Structures are given as C-alpha cells and as structure tokens.
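Heads up: the structure comes next, in structure tokens.
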Amino acid sequence: MAELVGVFAASHGPVIVRDWDKLTPEIQASLNAAFEETGRRLSAVRADLVIVISPDHWVNFFMNNLPAICIGVGEEHAGPPEPFMKPYPYMDSMRGDPAFAAHVVETAMSRDFEPSISHHLVLDHGFCLPLWKMKLDRLPLILPIAINDLEPPMMSVRRCLQWGRLLREAIAGYPGDLRVAILATGGLSHSIGEHTMGQVDEAFDQRCIAALRAGDDATVIHQLEDGLASTGNGAQEARNWVIAHGAAASKGFDLIAYLPTPEVYVGCAFAEWKL
Amino acid sequence: MAELVGVFAASHGPVIVRDWDKLTPEIQASLNAAFEETGRRLSAVRADLVIVISPDHWVNFFMNNLPAICIGVGEEHAGPPEPFMKPYPYMDSMRGDPAFAAHVVETAMSRDFEPSISHHLVLDHGFCLPLWKMKLDRLPLILPIAINDLEPPMMSVRRCLQWGRLLREAIAGYPGDLRVAILATGGLSHSIGEHTMGQVDEAFDQRCIAALRAGDDATVIHQLEDGLASTGNGAQEARNWVIAHGAAASKGFDLIAYLPTPEVYVGCAFAEWKL
Amino acid sequence: MRDYWLSRFFFEMQQPAVRERYAADPQGVMDGYRIKPEVQTAIRANDVGALSALTNPYLLRFYFGYVGMPEAEFLSRIRATGPGKTAAEVVHG
Amino acid sequence: MRDYWLSRFFFEMQQPAVRERYAADPQGVMDGYRIKPEVQTAIRANDVGALSALTNPYLLRFYFGYVGMPEAEFLSRIRATGPGKTAAEVVHG
Ligand SMILES: [Fe+3]
Ligand SMILES: [Fe+3]
C-alpha cells in the first residue's frame with residue numbers, strides 16, 4: 001500500500017534564479033536557508049515519488065485549451081524552457097510513475113473529478129525552481145499536477161480542498177508499495193503585470209498562514225476566497241497550498257519560514273503539514 | 001431569463017459526406033430524411049443559441065493536454081479542417097455568445113465541475129456534419145462543448161448525467177433573454193480502427209435507445225457503463241446523448257430514426273427529448 | 001499501451017505540410033520524434049497489428065489513410081488483430 | 001476583457017523563432033494574427049496601459065520583457081493603470 005509520508009509547500013519566482021546576483025547577501029541567505037530546510041525535510045521522509053502541484057506559467061497551455069487542472073501521466077517530464085532555468089540539474093531526468101499516475105486519474109474520474117491529462121508535460125520554473133533550490137538528496141519520481149492559477153476562471157478554494165482529499169484517498173488506495181510526498185509550489189501574495197506589481201501583501205499572507213495553520217476548512221475557504229479577490233494575481237497560487245492542505249487532512253502546518261521579499265516580488269513562504 | 005426550448009441528438013460520420021456518392025439511393029434517402037426531420041424540429045423551436053455537444057476527433061486536442069470536457073467560450077468558432085468538409089456552408093460564420101458561455105462556465109466552476117476552456121475551438125465534422133445535413137432555416141449562435149469520447153480515461157456515464165443537469169441549471173439561471181437548444185452528436189454503436197471496425201452493434205443500440213426512452217437514470221447508467229465496455233469504441237460517443245438526456249431532466253425521448261448503417265460504419269440514430 | 005511519440009507522429013501527420021515532408025523523407029520526419037527503433041520498423045513495414053497495440057485507434061486509421069493504404073486492406077489487417085490474438089502476438093506480429 | 005489574437009501573439013512571442021521574425025519584420029508577424037488595427041496601434045506605441053486591459057497580465061509582462069522594455073519602465077507604466085483610472089482611460093490612455 002502506498003503511504004503519504006510528507007506534505008510541503010514552497011514559493012517560487014523567476015527572480016530568485018534570474019537575478020540572484022542582484023539580491024543582498026542577507027536575502028540570499030534567508031531564501032537559501034528556507035529552501036534548504038524544506039528540502040532537508042523532504043529528503044528525510046525518503047519519498048519514492050513526489051506529487052508536485054504548481055501553476056503552469058503559459059508554457060503548456062494557452063487559451064485555446066486551458067484546463068482547470070491537468071495531471072502529467074507520462075513516463076518522463078520535460079524540463080523548464082525558461083532561459084534562466086538552463087542550469088537546472090534535473091533537466092533530462094524527471095521521471096514519472098505511469099502506473100501510479102493512472103491510478104490517481106482513475107480514482108479522480110470515478111469520484112466525479114475531471115482533470116485534463118498530459119502524457120508529456122513540460123515542467124516550468126514553478127515546478128522546478130523549488131526542486132532545484134531545495135538541494136534534495138536525490139530526485140524522487142514526480143507526478144506533476146498543473147493548476148490554473150493564472151487566467152480566470154479558476155477552481156474555487158472549496159474545490160481545491162476536495163482535490164486535496166481526493167489525492168489523499170488515491171494515495172491510500174494504491175496497491176503498490178510507494179512512499180508519496182506532496183509539494184505545493186507558488187504563492188503567497190505577489191502581483192505580476194498588474195498595477196500592484198511588486199507589492200507584497202503581508203496582511204493577506206498572515207491571514208492565509210493563520211487559516212492553514214489552524215486547519216479549519218471553513219476558515220480556509222472563507223479567508224482565501226475573500227482574500228484572493230482583493231490582492232495581487234500571483235496570490236492565486238495559494239490554491240496549490242489549499243490542495244496540499246486538503247491532502248494533509250487539514251491538520252495544520254509548521255511554518256518553516258515566511259519571507260516577504262519585494263526584491264523577488266513574492267511573499268515567500270515555506271511549510272510542512274502535520275500528518 | 002433563458003429558456004431550454006429543445007434537446008436533440010443526431011449521429012455523425014465522415015463517410016456520410018466523404019463517400020456519399022457511393023451510398024445506395026435508399027441509404028441516402030433514409031439518412032437525408034432523418035437529418036432533415038431533426039433539423040426541421042430544431043428550426044421549429046426557434047433557438048437563438050444551440051449548445052452542440054460533440055467529441056473532438058483529434059483536431060483540437062492531443063495527449064499532451066487532453067481535457068475530459070472543454071467548453072468553447074469564444075466570439076467565433078473555426079470551421080472543420082477535414083478536406084471532405086470543405087463545402088461546409090457555415091465555414092466562417094459560426095459565432096458564439098461569450099456572455100452566455102461565461103455564465104455556463106462560471107456556473108460549472110461554482111458547482112464543482114472543472115471543464116477546460118477554449119477561446120478558439122475548431123469544430124470538426126462531429127459538430128458540423130449534423131448542422132450541415134440538417135438543413136436548418138438559419139444557424140443559431142453556438143456554444144460548443146467537446147467531450148473526450150476517443151481516448152481513455154473518459155468521464156463516467158454518471159458524470160455525463162450530472163453535466164446535463166448542470167447545463168439545465170445554467171440555462172435556467174441565465175438572466176439574458178435567450179432561447180437555447182441542445183444538440184448532442186455522435187454514436188450510437190460503431191468501431192473505428194479496431195478489430196471490430198465496420199460492425200454495428202444493434203443489440204447495444206437498442207438497449208441504449210430503450211434506456212434513454214424510459215428515462216430512468218439508474219438504468220441509463222447501468223446499461224451504458226456495461227455496454228460501452230464491450231462494444232466498439234465509437235459507441236463511447238453515446239455519452240454525449242447522456243449529457244443531452246440529463247439536460248432534458250431524463251424525461252425520455254422520441255426516436256426520430258434508427259438507421260443501423262454499416263455502409264457508413266455507424267448505427268445512426270436521431271432523437272428529440274421530451275421537455 | 002500508448003506510445004506517446006508514435007501517437008504524436010500520427011497526430012501531426014494530419015497536417016498537409018508534415019505529410020509532404022514525410023512523403024519526401026520518411027526517415028527525416030520520424031527522426032523528429034523520439035520513436036523507438038522497433039516501432040520505426042513497424043511503421044516502415046506498415047504493420048497495422050503491431051502499431052494498433054501502441055496508439056489510439058482513430059490515429060492509427062488516420063495514418064494509414066494518409067499514407068494511401070486502401071480501406072479494404074486496412075480493414076482486413078485491423079480485423080486480423082481480433083480475439084484469438086493475444087496482445088503479445090499482435091505486437092510481435 | 002481578453003483579446004484572443006493579441007494574447008495568442010504574446011503567447012507565441014515566447015518562442016525564440018517568433019521573436020527573431022518579429023524583430024526583423026514586426027508588421028509581417030502581426031499580420032499572422034487577426035489583431036484589430038487599434039490593437040496593432042497600441043502594440044506599436046508600446047502602450048502598456050491599453051494592452052493591459054486586453055490580455056493576461058503575465059503575457060503582458062512577458063511581451064514587454066522580450067521586446068526589451070526595462071523592468072523599471074514597465075513597472076512605472078503598469079502602476080499608472082491603477083485605481084483612479086477607469087478602464088476607458090486605460091484603453092484610451
Ligand atoms: Fe508563479
Ligand atoms: Fe465521431
């Protein structure tokens with residue numbers, strides 16, 4: 001039987017790699033420490049496979065077929081195409097587990113969920129930047145799940161919680177012997193290409209963290225549905241955290257770090273859920 | 001308020017156009033009569049907009065982003081690219097209703113459905129061949145909904161019924177003044193590119209027709225889940241009929257014609273639901 | 001079983017430009033996909049049975065239509081993959 | 001409001017080959033999309049405000065990065081689209 005061995009979240013942002021040299025040593029040190037502590041914990045749970053939940057930043061999908069959620073079921077996944085991700089160490093070595101992926105998809109379809117499926121997903125910086133910066137012992141197999149956090153309409157926060165529960169159920173129901181971790185990437189507050197670009201909304205971030213920490217589903221739904229409507233567009237990626245939260249049965253989390261960092265445009269946060 | 005004014009279904013198949021001249025005059029006459037009677041009834045309900053529910057035959061989607069269901073929300077829809085569809089009379093004149101489409105999508109997302117969205121859907125022969133052969137008075141606006149009937153995994157029959165109910169609810173909840181019809185296309189039994197290619201499974205078709213006619217949801221689900229697993233792959237398109245059935249509140253239908261026609265590879269059927 | 005790159009090749013053969021290039025230089029076009037050598041052999045041999053085990057039936061039919069296999073021949077070959085054949089027999093033809 | 005063809009153009013500008021062609025022949029590349037004349041005018045004028053009302057913010061930012069607008073300039077222009085401006089002011093701004 002498969003086992004859920006860890007649930008984590010980490011922010012991402014192109015600037016963290018692209019303009020790394022322009023960041024102060026203090027910012028560099030605090031970001032490195034947060035990514036690496038998250039990575040240390042992910043390495044420690046010795047996962048065979050990690051479900052990575054990330055937005056797609058207009059790499060796989062366009063408005064002619066924009067899925068609310070797409071599950072990557074292929075034997076392998078393509079590396080990030082962004083020029084600044086060229087040194088990514090796992091460019092040609094991200095492998096999937098088609099049998100487990102098929103099980104997750106079948107479980108979803110049989111429970112009235114309807115993801116799009118990709119046999120050849122390209123994993124952009126959203127997926128890969130945290131995996132890189134975390135300095136893992138070794139890269140587990142990956143089940144990538146791309147969430148539409150960029151272009152309306154998007155899944156409701158309530159539905160994201162349901163997706164988390166569905167993942168939990170699918171893992172528990174898998175007959176194979178597999179240690180599965182979950183890594184949500186993105187958020188918390190940021191704003192890209194909008195008039196608020198560059199602003200980090202610490203008040204939103206703190207409400208979001210408090211709600212996820214407390215664990216109560218109704219509060220999570222209420223705080224996020226409300227908050228997402230009135231803060232920067234990048235905060236929409238917090239719905240990936242909600243999926244992780246649902247998968248962890250809403251038991252609350254341990255905040256590894258919260259680093260509001262306008263220099264990288266992102267309210268960076270890192271967490272590990274209680275199991 | 002929008003109003004559901006008619007729910008119809010009609011089969012499709014490339015051979016009906018591509019090899020029309022090779023069909024006997026009897027087959028031509030019976031197919032024409034069935035399409036035109038369905039078209040006469042669709043014209044009679046004076047729809048402003050028709051929701052056309054069809055499979056996509058590998059025109060819009062591939063295995064790198066294969067949606068279970070995709071709603072075409074654009075201002076216009078592209079015409080069929082298949083060479084045999086070149087004389088299609090509405091090639092550049094298929095228009096959508098973005099406001100109604102956005103309402104349907106928002107209703108779906110708020111009710112825990114998660115379609116893919118397309119602002120520029122290409123409508124292949126599945127959508128267009130029936131619209132052409134039906135000889136409508138005039139072409140209504142179109143809300144195209146592409147269902148994955150071709151490549152596993154596909155939505156369950158139960159979920160298709162739920163989608164039908166959702167469409168019914170979305171129509172009833174639209175504040176605009178709009179007469180809406182539904183046209184499901186595809187099915188019933190056929191087999192394409194499989195060892196049973198060319199066989200029409202009349203027993204399956206009759207069970208399917210009887211179940212839809214009787215209207216009982218449990219019977220529809222049972223008969224189709226069972227039957228689809230053991231007949232030709234083309235019959236998977238019958239799930240489009242199930243969506244229409246759900247939209248019509250499962251009140252049973254009037255069979256316009258059933259023409260099992262191995263010469264076009266398809267168990268052709270035509271129906272109008274009771275409202 | 002679905003062979004992604006074979007399926008992708010069949011899918012893109014729907015484009016007239018790809019078909020033209022394929023007619024002129026089949027190996028060159030196949031090299032643009034990561035198709036396994038044994039699958040390339042099946043393509044070159046027009047091995048309907050072997051390929052049918054690796055892709056979507058509609059894509060299979062499209063491909064053989066595009067390369068000019070008469071419908072009657074495709075029908076007889078695809079029907080030969082029917083019950084009585086195990087998947088392994090189909091693959092190894 | 002989403003302008004599909006403008007968005008498609010911005011989306012495809014992510015491809016280096018499209019960017020190269022655009023640098024050499026901007027009108028030729030725009031002609032490959034069904035972009036309305038007034039939107040083409042906004043593109044030619046680097047009118048961040050007008051274009052921001054018509055496409056996804058990420059696509060907007062990608063585009064102006066690719067055509068070499070300095071980040072500081074993009075920031076000041078996009079911030080000028082903020083509250084106080086009506087959509088019409090942004091479009092005609
Ligand atoms: Fe992001
Ligand atoms: Fe069909």
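Each chain gets a letter, A, B and so on, in the order the sequences are listed, and its residues count up from 1. Model, not experiment: these values are computed from the prediction.
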For the atom pair OG (B:S156) and CE (A:M109), what is the distance rounded to the nearest 0.5 Å?
-> 8.0 Å

Calculate, to the nearest 0.5 Å, the distance between atoms CZ and NE2 belonging to A:F62 and B:H120 respectively.
-> 10.0 Å

Is A:K251 atom NZ crowded by more than 12 heavy atoms from other residues, nucleotides or ligands, each under 6.0 Å away?
-> yes

In residues 65-72 of chain B, what donor-acceptor pairs under 3.5 Å come from side-chain atoms, sequence neighbours left out?
| unit_1 | atom_1 | unit_2 | atom_2 | d |
| --- | --- | --- | --- | --- |
| B:N65 | OD1 | A:S116 | OG | 2.5 |
| B:N65 | ND2 | A:N65 | O | 2.9 |

Interchain contact, B:E106 with chain A, by part (heavy-atom threshold 4.5 Å) | neither

Which side-chain N or O atoms in residues 122-130 of chain B pair as donor and acceptor under 3.5 Å with protein atoms at least two apart or in another chain?
| unit_1 | atom_1 | unit_2 | atom_2 | d |
| --- | --- | --- | --- | --- |
| B:D124 | OD1 | B:H57 | ND1 | 3.4 |
| B:D124 | OD1 | B:G126 | N | 2.7 |
| B:D124 | OD2 | B:H57 | N | 2.7 |
| B:D124 | OD2 | B:H57 | ND1 | 3.0 |
| B:H125 | ND1 | B:E82 | OE2 | 2.7 |

Kindly indicate whether the side chain of A:D112, heavy atoms from C-beta on, has any atom under 4.5 Å from the side chain of B:R158.
-> yes

What part of B:P115 lies closer than 4.5 angstrom to a heavy atom of chain A: side chain, backbone, both or neither?
-> backbone

Would you say B:E114 and A:W163 make side-chain contact, with heavy atoms under 4.5 Å?
-> yes

Option in A:Q162, A:E151, A:M154 with maximal non-hydrogen atom pairs under 4.5 Å from chain B = A:Q162

Atom CD of A:E75 with >12 non-hydrogen neighbours under 6.0 angstrom = no

